[in-house]
Number of protein chains: 2
Amino acid sequence: MPQEFDIFRNLHERLVSGGFEHGAKLRAEVLREEFDCSASTVREALFRLSTLGLVDFQEQKGFRVPNRSPAKLIELTHMRILLESEGAVMSIRNGGIRWEAKMTAAHHQLSHIEKRISGADNRTEYIELWSDAEREFHQTLISACGSETLKEMHARIYAMFRQQLMVSDRRFGFISENIEHHAQILKAAISGSEQMTRQKIHDHLARHLTGMTLDA
Amino acid sequence: MPQEFDIFRNLHERLVSGGFEHGAKLRAEVLREEFDCSASTVREALFRLSTLGLVDFQEQKGFRVPNRSPAKLIELTHMRILLESEGAVMSIRNGGIRWEAKMTAAHHQLSHIEKRISGADNRTEYIELWSDAEREFHQTLISACGSETLKEMHARIYAMFRQQLMVSDRRFGFISENIEHHAQILKAAISGSEQMTRQKIHDHLARHLTGMTLDA
DNA sequence: TTATACTAAAATCTCGAAACTATTCGAAAT
DNA sequence: ATTTCGAATAGTTTCGAGATTTTAGTATAA
């Protein structure tokens with residue numbers, strides 16, 4: 001059973017969901033022990049992650065978790081707006097009824113979790129659930145765009161975006177404002193209005209464009 | 001002297017400029033000899049290239065040069081249009097006189113080579129020269145956009161795009177039509193017209209959208 | 001005190017062989 | 001003639017040790 005891919009996936013998930021400190025050093029020799037494999041195998045995984053932008057690599061200096069920077073988050077937000085708007089518009093044109101059905105399903109799922117969270121005592125346990133549903137919603141939005149390249153590119157940007165989020169934004173991203181946003185994006189997409197869809201996607205993400213969000 | 005990066009660069013260049021057959025197998029053991037290093041080192045470089053989309057990787061099956069597909073070229077063309085248009089417009093807004101100067105310089109250089117080629121007996125020797133100048137022109141176009149992420153993303157798409165080109169398009173991409181296109185893109189960019197710039201970039205790349213180009 | 005040079009320790013990078021997996025090819029059975 | 005099986009070959013992945021480079025610490029000189 002080849003394990004390099006498992007390591008890759010594991011590290012990917014942790015990097016995106018905040019499992020490492022920003023700027024932390026990633027030593028192959030250390031991670032080696034956790035995965036019970038050789039350092040070379042970890043190194044390969046880290047190399048791949050570095051090409052995805054989730055890990056910084058410097059020759060002879062090793063691997064690091066990228067530092068957080070407001071400027072980077074703004075750039076990634078712009079890219080998300082660009083790619084999601086384009087993907088959503090293309091989905092509207094190509095998707096048909098099947099895509100609309102998938103959209104309503106994805107939103108229903110997300111919406112359900114968001115309602116649960118609103119009244120919950122311990123929100124922490126819902127974070128992963130919500131996180132997955134949110135990703136699913138945004139992925140579905142562009143899923144019928146007809147371009148694997150665009151979807152792949154978006155997935156990478158989305159991962160880097162999430163990695164750049166502060167702890168507070170990762171944990172309380174499901175604020176009531178967002179709940180309304182998702183509903184409006186769905187409505188615009190189903191109605192087939194390209195202009196409106198672009199607008200709602202922009203509105204949804206615009207909060208990350210100021211660079212003024214606070215960390216926990 | 002760390003050599004992994006050299007191997008990476010060398011393979012990258014060859015993959016993009018058609019140094020390998022489409023679909024060819026890339027065996028670490030074979031390439032090892034050429035670079036006079038171990039297979040593991042080649043493997044690392046190939047892994048990185050696979051994450052960039054320039055090499056296909058399958059577990060337990062090794063590495064391959066991606067096959068050419070008209071659909072893929074069309075997708076990449078759409079991405080180029082999207083990214084270059086956005087980047088150019090942002091450059092128009094942020095670039096100022098310095099960017100305009102760089103643009104005219106890049107175009108002058110490209111234009112000079114294109115004129116040389118038109119009257120040359122043996123065009124082959126100019127290909128690399130032209131190729132570099134063309135890349136430089138398109139890179140300069142988006143260079144003042146203010147987003148490293150966008151530039152990086154564009155560089156990746158551009159590389160994959162070039163890799164997907166047929167031999168004929170790589171060798172005779174400097175057709176007279178293109179010479180005119182580049183001039184018009186420059187003119188639109190310098191004039192500051194965002195709409196016109198978007199249009200000219202689209203026109204320039206549109207020929208790849210039909211999927212009907214022939215191979216040599 | 002600040003700067004420089006040297007040394008020891010720690011980390012990274014490369015290697016070649018061993019372990020593992022896929023493919024090929026030919027023999028036996030249908 | 002075709003299929004199935006298994007051995008032999010070819011190819012891929014993992015490993016841990018050794019070579020190289022960076023980093024940290026200490027001593028010496030300005």
Side-chain angles (χ1 to χ4, degrees), chain A residues 1-16 19-69 152 156 160 163, chain B residues 1-16 19-68 152 160 163:
Chain A
M1 151 187 340
Q3 59 183 141
E4 208 251 79
F5 191 62
D6 295 334
I7 296 170
F8 175 84
R9 283 274 291 269
N10 186 313
L11 289 176
H12 188 287
E13 173 57 25
R14 270 205 270 176
L15 286 162
V16 168
F20 292 108
E21 296 286 323
H22 291 290
K25 207 146 191 341
L26 296 165
R27 276 191 233 98
E29 276 297 333
V30 174
L31 294 165
R32 187 196 77 77
E33 293 175 24
E34 181 181 342
F35 293 112
D36 191 32
C37 70
S38 87
S40 322
T41 306
V42 175
R43 189 179 153 88
E44 269 183 12
L46 288 171
F47 255 124
R48 291 215 267 173
L49 291 161
S50 78
T51 325
L52 287 176
L54 294 175
V55 164
D56 280 349
F57 167 73
Q58 263 191 300
E59 249 170 37
Q60 308 287 7
K61 303 254 178 105
F63 302 91
R64 279 183 175 283
V65 182
N67 277 304
R68 234 186 69 71
S69 107
E152 206 175 293
R156 291 185 191 187
M160 281 193 271
Q163 183 182 48
Chain B
M1 133 191 355
Q3 58 183 145
E4 209 249 81
F5 192 61
D6 295 335
I7 296 171
F8 175 83
R9 283 275 291 268
N10 185 315
L11 289 176
H12 189 287
E13 173 57 26
R14 271 204 269 176
L15 286 163
V16 168
F20 292 109
E21 296 286 323
H22 290 291
K25 206 148 191 338
L26 296 165
R27 274 189 233 99
E29 276 298 332
V30 174
L31 294 165
R32 187 196 76 77
E33 293 177 23
E34 180 181 344
F35 293 112
D36 192 30
C37 70
S38 86
S40 322
T41 306
V42 175
R43 189 180 153 87
E44 268 183 13
L46 287 171
F47 255 125
R48 291 215 268 173
L49 291 162
S50 79
T51 325
L52 288 176
L54 294 175
V55 164
D56 280 349
F57 168 73
Q58 265 192 298
E59 251 171 36
Q60 306 289 1
K61 301 253 179 109
F63 302 91
R64 281 183 174 283
V65 181
N67 278 303
R68 233 185 70 71
E152 207 176 292
M160 281 194 270
Q163 182 183 48

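Proteins come first, then strands; the chains are lettered A, B, ... in the order of their sequence lines, and each starts at number 1.
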Check: protein-nucleotides 6-11 of chain C nitrogen or oxygen pairs below 3.5 Å:
none

Of all heavy-atom pairs between V65(A) and Q163(A), which one has the smallest distance, and what is that distance?
-> CG1-NE2, 4.1 Å

Sorted by chain and residue number, the salt bridge (charged side-chain N to carboxylate O under 4.0 Å, His left out) partners of R64(A) (sequence neighbours excluded) come out as none

Consider the side chain of Q60(A), meaning its heavy atoms from C-beta on, and name the nucleotide among dC13(C), dC15(C), dC15(D) that approaches it most closely.
-> dC13(C)

Report yes if some heavy atom in the side chain of F47(A) is under 4.5 Å from a heavy atom in the side chain of T51(B); otherwise report no.
-> no

Pair listing, side chain to side chain donor-acceptor pair (under 3.5 Å) test, anchored in residues 40-50 of chain B, at least two apart = R43(A)-E44(B), E44(A)-R43(B), E4(B)-R48(B), S38(B)-T41(B)

Rounded to whole angstroms, how far apart are CZ on R32(B) and P on dT13(D)?
-> 17 Å

Check whether any side-chain heavy atom of E59(A) lies under 4.5 Å from a side-chain heavy atom of F57(A), and answer yes or no.
-> yes

Those residues that, when tested against E152(A), pass side-chain hydrogen bond (donor to acceptor under 3.5 Å, both in side chains) (two or more places apart) | R156(A)

Value in whole Å for how far the P atom of dT21(D) lies from CD of Q58(A) | 17 Å

Is R43(B) near enough to dT13(D) that one of its side-chain N or O atoms lies under 4.0 angstrom from OP1 or OP2?
-> yes

Could you note down all residue pairs passing side chain to side chain donor-acceptor pair (under 3.5 Å) where residues 24-34 of chain A supplies at least one of them, sequence neighbours left out?
-> R14(A)-E34(A)

From CZ of F57(B) across to C1' of dG11(D) the rounded distance in Å is 13 Å

Distance in angstrom units between E44(B) CD and dT12(D) C1', rounded = 15 Å

Distance in angstrom units between E29(B) CD and dT14(C) P, rounded | 16 Å

Numerically ordered, the residues 45-54 of chain B set in heavy-atom contact under 4.0 Å with DNA chain D is none

Taking all heavy atoms of L54(B) and all of P66(B), pick out the closest pair and write down the distance.
-> O-CD, 3.2 Å

Using atom CZ of F8(A) as one end and atom C1' of dT13(D) as the other, report the distance to the nearest whole Å.
-> 17 Å

Please give, in whole Å, the distance from dT14(C) C1' to E59(A) CD?
-> 13 Å

Contact class for S40(A) (heavy atom, under 4.0 Å): base, sugar-phosphate, or nothing?
-> base

Rounded distance (Å) that lies between atom C1' of dT23(D) and atom CZ of R64(A) = 12 Å

Closest to the side chain of S38(A), out of dG16(C), dC13(C), dG16(D), is dG16(D)

Would you say F63(A) and V42(A) make side-chain contact, with heavy atoms under 4.5 Å?
-> no

